[in-house]
Amino acid sequence: LNQFPAVLVYPVPNDGHFSIRLNTDLYTKLGIKVYNSNGQLVHSEAVSGVGYHSVIPVDISRLPNGGYHLYLTNNENGDVSTGRSILVLHR
């Protein structure tokens with residue numbers, strides 16, 4: 001998940017609506033966690049049935065403007081893969 005371009009997050013900055021595009025077929029499940037600048041978990045979801053070129057829409061528009069940390073996780077076959085990105089919300 002942390003090898004470019006396995007995962008693309010767009011647009012950045014965004015208005016709280018963004019998409020995650022997978023360019024890998026190694027995973028069928030994806031955990032999505034968003035933390036604020038204080039390290040507090042403010043959004044979490046799990047998606048299954050994903051594959052190559054899957055686009056996952058995410059809505060965190062209820063959150064205030066600012067910088068957020070996006071963590072993507074996968075726990076298939078006992079291996080944990082993690083990818084990380086910075087999100088910027090701006091309306």
Enquirer: So do Leu22 and Val7 actually touch side chain to side chain, heavy atoms under 4.5 Å?
Expert: yes
Enquirer: Among Leu72, Ile60, Thr73, find the one that has a side chain to side chain contact (heavy atoms under 4.5 Å, CB included) with Ile32.
Expert: Leu72
Enquirer: Quick one: closest heavy-atom pair of Pro11 and His17, and the distance?
Expert: CD-O, 4.1 Å
Enquirer: Starting from Val12, can I reach Leu63 by hopping between I/L/V/M/F/W/Y residues whose side chains sit under 4.5 Å apart?
Expert: yes
Enquirer: Quick check: closest heavy atoms across Glu45 and Val58, and the distance to 0.1 Å?
Expert: OE2-CG1, 3.9 Å
Enquirer: For Lys29 and Val47, run side chain to side chain contact (heavy atoms under 4.5 Å, CB included): C-alpha distance rounded to whole Å, both residues' side-chain angles, the deciding distance at 0.1 Å, then the answer.
Expert: CA-CA 6 Å; Lys29 301 175 190 172; Val47 182; over 6 Å; no
Enquirer: Quick one: are Val34 and His69 in side-chain contact, heavy atoms under 4.5 Å?
Expert: no
Enquirer: Return the minimal non-hydrogen interatomic distance between Leu70 and Phe18, and the atom names on each side.
Expert: CD2-CE1, 4.2 Å
Enquirer: Starting at OG of Ser19, measure out to CG of Leu8 and round the result to the nearest 0.5 Å.
Expert: 11.0 Å
Enquirer: Nearest 0.5 Å, what's the NE2-CG distance between His43 and Asn36?
Expert: 13.5 Å
Enquirer: Okay, side chain of Asn74, backbone of Leu30: is any donor-acceptor separation there less than 3.5 Å?
Expert: no
Enquirer: Could you tell me which non-hydrogen atom of Gly16 sits nearest to which non-hydrogen atom of Asn14, and how far apart they are?
Expert: N-OD1, 2.7 Å
Enquirer: What's the shortest heavy-atom distance between Arg21 and Val55, and which atoms?
Expert: CG-CG2, 4.1 Å
Enquirer: Counting distance only, does the side-chain N/O of Asn38 pair as donor-acceptor with the main-chain N or O of Gln40 below 3.5 Å?
Expert: no
